[in-house]
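Any value given below was found using the heavy atoms of this structure, including those in side chains, with hydrogens, waters and symmetry copies removed. None of the values given here were measured: they were computed from a predicted structure. So you know, we letter chains A, B, ... as the sequences are listed, proteins then strands, and number each from 1.
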Amino acid sequence: MFPQFPDRPNYSALEREILDFWKESNIFKRSVESRPEEKAWIFNEGPPTVNGNPGIHHVFGRALKDIFCRYRTMRGYRVARKGGWDTHGLPVEIALEKQLGLKEKKEIETKVGVANFNRMAREFVYEHINKPGGWNELTEMMGYWVDLDDPYITCTNEYIESVWWSLSEFYKKGLIYRGFKIVPQCPHCETPLSSHELAQGYAEVRDPSLYVKLPLEPGQSVNGTPLPENTLFLVWTTTPWTLISNVALAVGMDIDYALVHDAETGEHFILADARRAALDPDGKWSVVTMFKGSDLARLHYVRLFDYVPVDRDAFYVTIGDFVSTEDGTGIVHIAPAFGQDDYEVARRYDLPVLQPVTPGGHFTDDVTDFAGRAVKTIRFEDRVEEGVDKDIVIALKKRGRVLKSTNDYLHSYPHCWRCDNPLIYYARDSWYIRTTQYAAEMIQQNRNINWQPPEIGVGRFGNWLEENKDWSLSRDRYWGTPLPIWVNQDDPSDTLAVGSIHGLMSGEYEREDGTIVPMETVADQVDLHKPFVDHVIFRRDGKVYRRTPELIDVWFDSGAMPFAQWHYPFENRERLEKLFPADFIGEGIDQTRGWFYTLHAIATPMFGQPAARNILVNGHVLDKEGRKMSKRLGNTVDPFEMMRKYGADAVRWYMVTNSPPWKSMLFNEEDILPTVIADFFRALTQSYNFFTLYANIDGFTYAEERIPVAERAELDRWILSVLNSTIAEYLKLMDEFDPTRAMRLVSEFTVEQLSNWYVRRNRRRFWKGELSADKVAAYQTLYECLAAVTKMMAPLAPFLSDRIFRSLNGVTGRDPSESVHLALIDEVETVAIDRDLERRMARGQRIVALALMLRQKSNLKVRQPLRRLLIPVLNDAEREDYRAMEEIIKDELNIKQIEYVSAEEGSDIVKMKAKANFKTLGPKYGKQMKSVAAAVVGMSAGQIIELQRSGSLTLTSGNDTFALLSEDIEVIHEDIEGWLVASEGTVTVALDTELDEDLLNEGIAREFVNRVQNLRKDSGLELTDRIRLGFASDPELTAALEAQRAYIMDETLAVEFGPQEKETMLDVTLNGKPCRIALERAAEIPAS
RNA sequence: GGGCUUGUAGCUCAGCUGGUUAGAGCGUCCGUCUGAUAAGCGGAAGGUCAGUGGUUCAAAUCCACUCAGGCCCA
């Protein structure tokens, strides 16, 4: 017996049962290991950061990854997938700081201690993985299959060792160097802010707007022409305090600059021509000559302030692509320590980096006049330190260097989210990876990646590579992979890198008290984190090397996962070439410059190829209004609650079929029930239940030989054709990483074609008669459709699909697999595809829809039989199409007879009109299109017939002649005399609405049968129960019913039927007339 | 401020290598069918295709700008 699917299923409970089954029968592991090793499809898991609880967007991302791993498994590939957890980094530190109530980063050292802090960080991440409501539970509950028993975890010694190895390789290639990094620094908290923190602190403020005059060194010329005496560059700044650290100016290469003369003062200025009007509104200046920015390069000017000594050439004009003429003067002042663009210029031109400012935002003693002054106003809890800008402006004014200055420049400026003070951009020591050295190769390798959607690859990611900047590698934090570089304490340029634990053990251990012991004595404590590694020193040739204190960017951890997850090269040395590159990875669009980039930036120099062949990028999950989900807005969705309410399958199905993965999806809980559960899931489970209902009665177990498709009924051949067309399209879409379209296809097939047409049209075949060959064919057809659907849907709805698959297969054993996830998706049975049949059925369905509309308009119920339906056709082929569907159309519409009328035979009753086909005519006639269209509308029936017959026709309209082909017009039928007509496109039907006595009697009989069936159902009779049936009514109705005696008895399984008077009769109304019915179960048990 | 991306019915989405009347599902209302179905079928209401301007015989579709959302960067 096939088990019934529950009428009102609790999906969440069903899923728990299936989870148990998977676990007991070890299905996941078997699904991997049952596939041949040489047919591997490599998936790499992007590790989520376990700094908090998982959200609904994780269900989305993980469902997408799961789909393709499961799909490939079902295509016969071996898809091993290791789970992974990203455990290091700032997000974890911040979450822990909050939990500990720490206010400042410093307190990690002063209050908690680094060793303690890192121990707690480790506990923190492991807890978030394992606790209820944590990552393991989410993964399991949503049915995401990754190996959770043996995941890679980035904070283990093995993982870090692999990362160290790769860093030492970078080091050996000379790709790691030390430089400055410009960070947003809070002078109050004396700490840099991460970009994440930065984003939440922008505010509108008023700042100074200062135009400074910088005199050129005398005696210089441009393009051979000497510049006049007393020529000055005009420079604009909103941060006067940075002028003290100025070392250069920057102009735009292609920007036009003007040399102007101010007759009043005798000065000459150089500024961008586009800014002249803004700075000289009265037009007092006269233009002497024009330059391009490139002409100005290397012109030297006189330094403004000379507090800080410089050791090389400086104070000249450079070229910068960041210079604009939106505001300012088109000439930008460069202070390398205080701006990213400035710093880049300094690196390119080898300019000195002046840093006369402390991390607390005060001038150093070098700046004698302003020593100790705050560069920007800082508000402390108990006092306010006024910024120095105003005094610098005064000093410049005294020296006559100011063209104009105001204090009301309004712009958006970053502030510290903790203390609200304005940040300063500030140069700090930092380690870099010289990615620019191999950027061209990264661009080249990017062409070998198949991005889905493609525009991310060429656009967002491609642009990012084009504008590549060196990767700032180091971080001044505590919980992360330590940078394995040791520095000679007497010569900072002398460094060494450690690439393994073995290498580390060749050092010595320096205890807190300064005593040095061999590493062997601490061998059992080796932990590749702070503070342990900071105690390791190396003594070589009398020199002492100590570790540079920084950690590495946590993104390097995850970018190293393709090899670090395997502890390569310390283990799996020979296997890696089989495991790299990955066939598939997928993450959110925010990872473009995150994980996707770091994978690429590491794989390119290490392996000379991209880390993945296919990358699926998914958009974000927003709330139903399209806003992003955040704790602050309170619009987050709890994934566990959703899965408990609707089941994981429904949530997964909803999220993936709702919109394509790469678009942002709007999550609306209310849509899950109507669009998934009441739609696809219902159609599937009810079709299944329909099947089991009759299969169990008939004892069908698919024991018979498979009946060849060609020998099955038309409807069977039709649904199997549609099924195979669907499978073909499905495979194509899945191979193209478009799960949304693929799964919508599965849903549409199940709901529209299988449930609402095939099963509905076929009910009689299942409930009538013995288990004939035709009935077996029907069972086999429906079974095959259901089985195929469970396989196609399995990647996205792994629970429900397995449940139904096992219910079916448990009885028939047609598939050797114990679970759908061990099975292979059916190959397309090409011979079953019959495009003509599909087209004919689609036409038939259209006819039915049109005729039903006519019935509705003329208020004729379908139960009332009608005599005739008329279908105008253009040719014999079309007539044959409809004729093949005749039985179905007649039955569906309750119509006795269908007649066809072709244009030629019936031109007196069928009126034809032609409509221009703009798509074919437009390109041919262009501007004449309007007159062509008018001429086509004016075509006579004779002309239309002529065109249809001969395939071409020349039409004259006024002086123009148009050569038409039959494809250039569309023929429409309208108005058939004396008939009720409806058209849609080129399909037209006409209905004969005249009724005679026979038809009316039949209609009454159908009404009667309907009432009896309802009564049978209400009185709880079994489907197969026979009844004794009686009725009482007026003579007219009685005669009508008697006339239809055989039909009524057959339909209602009545063994007796006739007029009867009884006390307990039920009142019904037939076509407005009263009738009473008596019904009771017949004693004998019928043979099924 | 820059780059990328999205904006189509009350809601979620198709359509967007230009082609005349812009579709589907859900929701609402009306009708109808049914011995598988919380269903099905038919109909109605509901759209200045975000806005403005342009290219074209023809624009939801191509171009420019503006507005709004999202992502990344500043």
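Ring centroids of Tyr343(A) and Tyr425(A) are separated by 6.0 Å or more, keeping the two rings apart. For an aromatic pair to be called close, the ring centres must be under 6.0 Å apart, and Phe461(A) with Phe596(A) fails this. Ring-centre distance between Phe667(A) and Tyr654(A): below the 6.0 Å cut-off.
Spacing of C1' atoms, A14(B) relative to U61(B), comes out at 14 Å, to the nearest Å. Rounded to a whole angstrom, the distance from the P atom of C26(B) to that of G69(B) is 32 Å. A50(B) and U5(B) are spaced 15 Å apart, taking the C1' atom of each and rounding to whole Å. Rounded to whole Å, the separation between the C1' atoms of C49(B) and U6(B) comes to 14 Å. Rounded to whole Å, the separation between the P atoms of G51(B) and A68(B) comes to 15 Å. Taking atom P in both C63(B) and G46(B), one finds a spacing of 33 Å when rounded to whole Å. Distance check on atom P: C30(B) versus A39(B) gives 15 Å, rounded to whole Å. A45(B) and C29(B) are spaced 8 Å apart, taking the C1' atom of each and rounding to whole Å.
Between Tyr694(A) and A36(B), a side-chain N or O to OP1/OP2 separation shorter than 4.0 Å is present. Side-chain N/O atoms of Arg682(A) include none lying less than 4.0 angstrom from OP1 or OP2 on C26(B). The shortest distance between the side-chain N/O atoms of Lys663(A) and the OP1/OP2 oxygens of A14(B) is below 4.0 Å. Proximity of Arg763(A) to the phosphate of A36(B): a side-chain N or O atom is located under 4.0 Å from OP1 or OP2.
No contact: Thr675(A) has no heavy atom under 4.0 Å from any strand. Using a 4.0 Å heavy-atom distance criterion, Arg1006(A) is classed as making no nucleic acid contact. Residue Thr920(A) is out of contact with every strand shown, counting any heavy-atom pair closer than 4.0 Å. Among the protein residues, Val848(A) comes within range of no part of the nucleic acid, since none of its heavy atoms lies under 4.0 Å from any strand.
Taking all atoms of both residues into account, the shortest heavy-atom contact from Ile889(A) to Gly844(A) is CD1-CA, 4.1 Å.
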Can you tabulate the close N/O pairs, meaning under 3.5 Å, that link protein atoms to atoms of nucleotides 27-33 of chain B?
{"unit_1": "C33(B)", "atom_1": "OP1", "unit_2": "Arg863(A)", "atom_2": "NH2", "d": "3.2"}
{"unit_1": "C33(B)", "atom_1": "OP2", "unit_2": "Arg863(A)", "atom_2": "NH2", "d": "3.2"}

Set out, line by line, the N/O atom pairs under 3.5 Å between protein and nucleotides 55-58 of chain B.
{"unit_1": "C57(B)", "atom_1": "OP1", "unit_2": "Lys927(A)", "atom_2": "NZ", "d": "3.3"}
{"unit_1": "C57(B)", "atom_1": "N1", "unit_2": "Gly926(A)", "atom_2": "O", "d": "3.4"}

Between N or O atoms, less than 3.5 Å apart, protein on one side and nucleotides 2-4 of chain B on the other: list the pairs.
{"unit_1": "G3(B)", "atom_1": "O2'", "unit_2": "Asn463(A)", "atom_2": "ND2", "d": "3.3"}
{"unit_1": "G3(B)", "atom_1": "N2", "unit_2": "Arg460(A)", "atom_2": "NH2", "d": "3.4"}
{"unit_1": "C4(B)", "atom_1": "O2", "unit_2": "Arg460(A)", "atom_2": "NH2", "d": "3.1"}

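By the side-chain contact (heavy atoms from CB on, under 4.5 Å) test, Ile449(A) is found to be paired with Asn446(A), Trp451(A), His600(A), Pro610(A), Ile615(A), residues two or more places apart in sequence or in another chain being considered. In this view, Ser664(A) and Leu622(A) satisfy the side-chain contact (heavy atoms from CB on, under 4.5 Å) rule, not counting sequence neighbours. Residues forming a side-chain contact (heavy atoms from CB on, under 4.5 Å) with Gln340(A) (at least two apart in sequence, or on another chain): Ile182(A), Glu344(A).
Spacing between atom CD of Glu344(A) and atom C1' of C73(B) amounts to 13 Å, rounded to whole angstrom units. With rounding to whole Å, Tyr758(A) atom OH is found 19 Å from U37(B) atom P. Summarising the geometry, the separation between CG on Leu622(A) and C1' on U6(B) is reported as 10 Å, rounded to the nearest angstrom. The CD-C1' distance, from Glu752(A) to G42(B), rounds to 14 Å in whole Å.
Nucleotide C62(B) is matched to G54(B) when pairs are restricted to Watson-Crick or G-U wobble geometry with both distances under 3.5 angstrom. A68(B) is paired with U6(B) under the Watson-Crick or G-U wobble criterion, all donor-acceptor distances under 3.5 Å. Across all strands shown, G31(B) pairs with C41(B); the Watson-Crick or G-U wobble distances both stay below 3.5 Å.
A salt bridge is absent between Glu1002(A) and Arg1006(A); no separation between the charged side-chain nitrogens and carboxylate oxygens falls under 4.0 Å.
In this structure, Arg760(A) places its CZ atom where more than 12 heavy-atom neighbours from other residues, nucleotides or ligands lie under 6.0 Å away.
Screening Val936(A), Leu921(A), Val932(A) for a side-chain contact (heavy atoms from CB on, under 4.5 Å) with Asp968(A), the sole residue that qualifies is Leu921(A).
Rounded to the nearest 0.5 angstrom, Glu669(A) CD and Tyr646(A) OH are separated by 3.5 Å.
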